[in-house]
Amino acid sequence: MEFNHKPVLLDECIQGLNIKADGIYVDGTIGGAGHSSEICKLLSEKGTLIGIDRDMEALREAEKRLEGYSCKKIFVHDNYANIKAILDELDIDKVDGALLDLGVSSYQLDNPERGFSYMNEAPLDMRMDQDQQFTAEDVVNDYSREELARIIKDYGEERWAGRIASFIERERKKEPIKDTGRLVQIIKDAVPASKRREGPHPAKRTFQAIRIEVNDELGGLKKAVDDFIDILSQNGRLCIISFHSLEDRIVKEAFATCENPCTCPKGAPMCTCGKEPVGRRVTKKPICPLGSEQEDNPRARSAKLRVLEKTI
């Protein structure tokens, strides 16, 4: 199927990056190159785009879509969390800007073979990097009931996490759960009928939670954000789009600490820790999609963009 991904908060990201024509920019989650296409439009032949993704299909599509632009383009099959090692390999010390879109691409959600969506019948996969061995099937069938309840509650913010985990445990004893259709039915059976008629699809939060666990989306995020801040040149910008409250909290706290790293007790007459700010929050509050974008792209509704500028 065609790799289709509508870039979220596109204009806001490009404005946030404040692109220099001859600069070096990193798209750490290049996907279908929706954001990168606009970045490349603003780069001259002296400019460089580094596109990173865990999904080889995404990288191949991005390479095709960006081949007509004159800037230098480097494509890397890796996790953005390894940004320092990636730049070391490329012999690049600092970059002028970076973008992280922490969402799942429309292609990944809509491709039945990938198993991300509760709307399609598919194997329980959900891997962003298909070279990875660990899949959603492993989570659903091998995790204890307590572990399942924890991730569904924490990562999915699902009210019925304990009940869903119990139903999964009961059903997998009969036969391993291998496809999305059966998992969706189990979740529907677990959520009381009166609650299934309100709010999002009853399987949405549980599928989100399992996807986050399979791809360890939160595990290295704090370190990754700190590393991206570290590799920015002075006046360089970092734009991060999150779709989950836990992601946004990590980004928000990292940016706030960057702007005010002081660890002295509150109320102390003067700072004695000696820690100096290394950046400033361009956006004190997150930028959210306008109503028109939410109507055009419902998957953008929960998006939040935060922007930081390196000051030293």
Side-chain angles (χ1 to χ4, degrees), residues 3-103 105-107 224-225 227-241 251 279-280 282-283 287 289 293 297 300 303 305-312:
F3 202 112
N4 177 41
H5 180 57
K6 289 184 178 180
V8 175
L9 293 165
L10 177 59
D11 292 341
E12 293 85 349
C13 285
I14 298 303
Q15 181 178 350
L17 285 171
N18 195 24
I19 294 169
K20 300 189 300 183
D22 60 350
I24 301 174
Y25 293 86
V26 175
D27 187 339
T29 48
I30 195 168
H35 292 101
S36 283
S37 295
E38 294 301 313
I39 294 172
C40 287
K41 285 180 184 178
L42 298 174
L43 293 178
S44 68
E45 293 181 1
K46 295 181 179 180
T48 301
L49 173 82
I50 302 168
I52 304 168
D53 210 285
R54 299 165 72 176
D55 191 333
M56 275 303 301
E57 291 183 8
L59 283 174
R60 284 191 287 266
E61 184 63 26
E63 191 166 0
K64 284 193 296 183
R65 291 193 174 185
L66 299 179
E67 62 185 0
Y69 295 102
S70 61
C71 63
K72 182 179 180 181
K73 298 171 289 289
I74 302 170
F75 300 95
V76 182
H77 180 219
D78 206 335
N79 190 325
Y80 66 79
N82 300 320
I83 183 60
K84 286 195 169 181
I86 291 168
L87 293 185
D88 283 346
E89 185 71 21
L90 297 173
D91 198 25
I92 294 174
D93 183 37
K94 297 289 184 180
V95 303
D96 297 291
L99 167 69
L100 294 175
D101 178 348
L102 303 179
S105 74
S106 299
Y107 173 84
V225 175
D227 285 350
F228 267 87
I229 293 171
D230 198 34
I231 56 96
L232 288 176
S233 58
Q234 188 174 18
N235 301 320
R237 297 278 188 92
L238 173 59
C239 297
I240 302 182
I241 306 171
V251 176
R280 71 174 184 89
V282 177
T283 53
I287 300 171
E293 180 175 2
N297 182 14
L305 169 66
R306 294 185 186 272
V307 183
L308 181 101
E309 182 177 271
K310 189 81 170 284
T311 54
I312 62 171

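As a basis for the values below, the full set of heavy atoms in this structure was taken, side chains included, without hydrogen atoms, waters or symmetry mates. Here the structure is a predicted model, which means the values were calculated and not measured.
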(message) Tell me whether Glu45 contacts the main-chain N or O of Cys71 through its side chain, where contact means a donor paired with an acceptor under 3.5 Å.
(response) no

(message) Can you confirm whether Lys46 is buried at NZ, in the sense that more than 12 heavy atoms of other residues, nucleotides or ligands lie under 6.0 Å from that atom?
(response) no

(message) For Leu66 and Phe75: C-alpha separation, side-chain torsions, deciding distance, then whether side chain to side chain contact (heavy atoms under 4.5 Å, CB included) applies.
(response) CA-CA 11 Å; Leu66 299 179; Phe75 300 95; 4.0 Å; yes

(request) Calculate, to the nearest 0.5 Å, the distance between atoms CG and CG belonging to Asp93 and Asp88 respectively. (result) 8.5 Å

(message) Looking only at the side chains, is there a donor atom on one of Ser233 and Asp96 sitting less than 3.5 Å from an acceptor on the other?
(response) yes

(message) Looking at every heavy atom in both Gly31 and Ala62, which two are closest together, and how far apart are they?
(response) O-CB, 3.8 Å

(message) So, taking the atom named CD1 in Ile50 and the one named CG in Leu90, what distance separates them when rounded to the nearest 0.5 Å?
(response) 5.5 Å

(request) Evaluate the criterion side chain to side chain contact (heavy atoms under 4.5 Å, CB included) for residue pair Leu10 and His35; output intermediate values, then yes/no. (result) CA-CA 6 Å; Leu10 177 59; His35 292 101; 3.7 Å; yes

(request) Would you check if Ile229 and Leu238 make a side-chain contact, meaning some heavy-atom pair closer than 4.5 Å? (result) yes

(request) Quick one: pull up CG in Asp27 and CG in Asp53 and give me the separation to the nearest 0.5 Å. (result) 8.0 Å

(request) List the atom of Cys13, the atom of Cys239, and the distance in Å for their closest heavy-atom pair. (result) O-SG, 3.8 Å

(message) Could you check whether any side-chain heavy atom of Asp227 comes within less than 4.5 Å of a side-chain heavy atom of Ile231, counting everything from C-beta outward?
(response) no

(request) Check whether any side-chain heavy atom of Val8 sits under 4.5 Å from a side-chain heavy atom of Glu293, and report yes or no. (result) yes

(request) Decide yes or no for Lys84 and Asp230: does some side-chain heavy atom of the first lie under 4.5 Å from some side-chain heavy atom of the second? (result) yes

(message) Ignoring hydrogens, what is the shortest heavy-atom contact between Tyr80 and Phe228? Give both atom names and the distance.
(response) O-CE1, 3.4 Å

(message) I need the minimum non-hydrogen distance between Leu17 and Ala98, along with the two atoms involved.
(response) CD2-O, 3.5 Å

(request) Please confirm whether the backbone N or O of Asp55 pairs with a side-chain atom of His77, one donor and one acceptor, at under 3.5 Å? (result) no

(message) Would you compute the distance between atom CG of Leu43 and atom OG of Ser70 and round it to the nearest 0.5 angstrom?
(response) 8.0 Å

(request) Give a yes or no on whether the backbone of Lys72 and the side-chain of Thr48 come within a donor-acceptor separation of less than 3.5 Å. (result) no

(message) According to salt bridge (charged side-chain N to carboxylate O under 4.0 Å, His left out), who are the partners of Arg60, at least two apart in sequence or on a separate chain?
(response) none

(message) Using every non-hydrogen atom in the two residues, find where Ile19 and Tyr25 come nearest and quote the distance to one decimal.
(response) CA-OH, 3.2 Å

(message) Can you tell me how far apart CG (Leu49) and OH (Tyr69) are? Round to the nearest 0.5 Å.
(response) 11.0 Å

(message) A side-chain contact here means heavy atoms from C-beta on lying under 4.5 Å apart; do Ile14 and Lys41 qualify?
(response) no

(request) Under the side chain to side chain contact (heavy atoms under 4.5 Å, CB included) rule, what do Leu232 and Val95 come out as? Steps first, then yes or no, please. (result) CA-CA 5 Å; Leu232 288 176; Val95 303; 4.1 Å; yes

(message) Using every non-hydrogen atom in the two residues, find where Ile30 and Gly51 come nearest and quote the distance to one decimal.
(response) CD1-CA, 3.7 Å

(request) Any chance you could lay out the side chain to side chain contact (heavy atoms under 4.5 Å, CB included) test for Thr283 and Leu305, step after step, and finish with the verdict? (result) CA-CA 8 Å; Thr283 53; Leu305 169 66; 6.0 Å; no

(message) Could you check whether atom CD of Gln15 has more than 12 heavy atoms from other residues, nucleotides or ligands sitting under 6.0 Å from it?
(response) no

(message) Rounded at 0.5 Å granularity, tell me how far CD1 in Ile86 sits from CG in Asn79.
(response) 7.5 Å

